[in-house]
Amino acid sequence: MIELKDVSYVRLGTRDLDDALSFATGYLGLEVAETARNAAYLRSDDRAHTLCYFDGDPEDHTVGFEVEDEENLQLAAATLERLGHPVHAGTPEECDLRKVKAFIGFRDPTGNHIELVVRPERSGKRYFATRDAGITGFSHIGLYTTDPSRDERFWTEVCNAKVSDRIGDIPLMRVNEIHHTIALLASDRAGIQHVNHQVQTSDDVMRSYNFLHERNVPIVFGPGRHPTSGARFLYFKGPDGMVFEYSVGVDAIEDEEGHNPRQFGFEPSSFCKWGSKPAADFRR
Ligand SMILES: O=C(O)c1cccc(O)c1O
Ligand SMILES: [Fe+2]
């Protein structure tokens, strides 16, 4: 069993690094940790970085998850190879770029690029953004799947994820007490559908709605409230069509043994209990 502790970072390719950087700092509200070697490293909490934009294919998305130690990493590599997922061991230079002690890369059954990392760096400095969006940290990702049931089995049987709720066949899965860290979304391709940052209060969600709307940043869903996690949310579009979500008030699953996944119908009211509807281009 591969024990994921938390999501660690996302890596997104872009053909226009300057544009991605100005969006990340001026609209999303991240802090630049470092710009180096055709990449920009951005912070959203006390970690050294949680988002990396690199000069490359905008379809090239990677999600990193933290595992406990190098022994667990080796066991994970062996498990993945045995199950037919070729594993790439991170070179020292690749580890440096990610500010991790060690990592492996592989593809999930849909073909999503996944990395497992050991000892991702923290920063001694607190996160301080130029735009105050109220961000408290990077929290979860929406991941495309070409087969939700197969990929649910991968994340819950090969890895330690547990299903908190399902909307239709779409699982919201946790790897710690937070309601979900991985949300799957059905598609005909691989990739990240959205990147979630938590914000401090509902006021932050509404302030960002006005701020982004006034500046013509496409709002693709919300403001609204998820019946599943209970979070108030706003989704908007960033560079290369990537969707970003702010949310506040995600449930913690305290009764780990006693929690049974709830089944919600695949309909708009299962995504928002305030009646907001996703825009046609919510999914790319
Ligand atoms: O927070 C949630 O419950 C949620 C539900 C559906 C889709 C999402 O992205 C979510 O974050
Ligand atoms: Fe989400």
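Counting starts at 1 for both ligands and their atoms, in listed order.
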Legend entry - N/O/S from His140 sitting under 2.8 Å away from the Fe ion (ligand 2): yes
Inset, instruction - Would you please say whether a donor-acceptor pair under 3.5 Å links the side chains of Gln193 and Ser187? - result: no
Inset, instruction - Say whether Tyr235 and ligand 1 are in contact under the criterion: heavy-atom distance to a ligand atom below 4.0 Å. - result: yes
Inset, instruction - Anything under 30° is parallel, anything over 60° is perpendicular, the rest tilted; go ahead and classify His140 against His180. - result: tilted
Inset, instruction - Have a look at Glu245 and say which of its N, O or S atoms is nearest the Fe ion (ligand 2). - result: OE1
Inset, instruction - Verify the distance criterion only: is there a donor paired with an acceptor across the side chains of Thr110 and Asp151 at less than 3.5 Å? - result: yes
Legend entry - Smallest separation among heavy atoms of Thr35 and Val32, with atom names: CG2-CG1, 3.9 Å
Inset, instruction - Find all atoms of ligand 1 within a distance of less than 4.0 Å from any non-hydrogen atom belonging to Ser229, and give their numbers and elements. - result: 1 (O), 2 (C), 3 (O)
Inset, instruction - Please check if any side-chain donor atom of Glu245 sits under 3.5 Å from a side-chain acceptor atom of His226, or the reverse. - result: yes
Legend entry - atom 3 (O) of ligand 1 [closest protein heavy-atom partner, distance rounded to 0.1 Å]: Thr228 OG1, 2.5 Å
Inset, instruction - Give the residue and atom name of whichever protein heavy atom lies nearest to atom 11 (O) of ligand 1, and the separation in Å to one decimal. - result: His180 NE2, 3.0 Å
Inset, instruction - Mark up the atoms of ligand 1 that fall under 4.0 Å of a heavy atom belonging to His194, in ascending order. - result: 9 (O)
Legend entry - Protein contact of atom 10 (C) of ligand 1 - nearest heavy atom, named by residue and atom, plus distance: His226 NE2, 3.3 Å
Inset, instruction - Classify the side-chain pair Glu94/His88 by whether it contains a donor and acceptor separated by less than 3.5 Å. - result: yes
Legend entry - the Fe ion (ligand 2) to nearest N/O/S of His194 below 2.8 Å: yes
Inset, instruction - Measure centre to centre between the rings of Tyr9 and Phe138, then say whether the value is under 6.0 Å. - result: no
Inset, instruction - Output the list of atoms in ligand 1 that are nearer than 4.0 Å to some heavy atom of Glu245, sorted by atom number. - result: 9 (O), 11 (O)
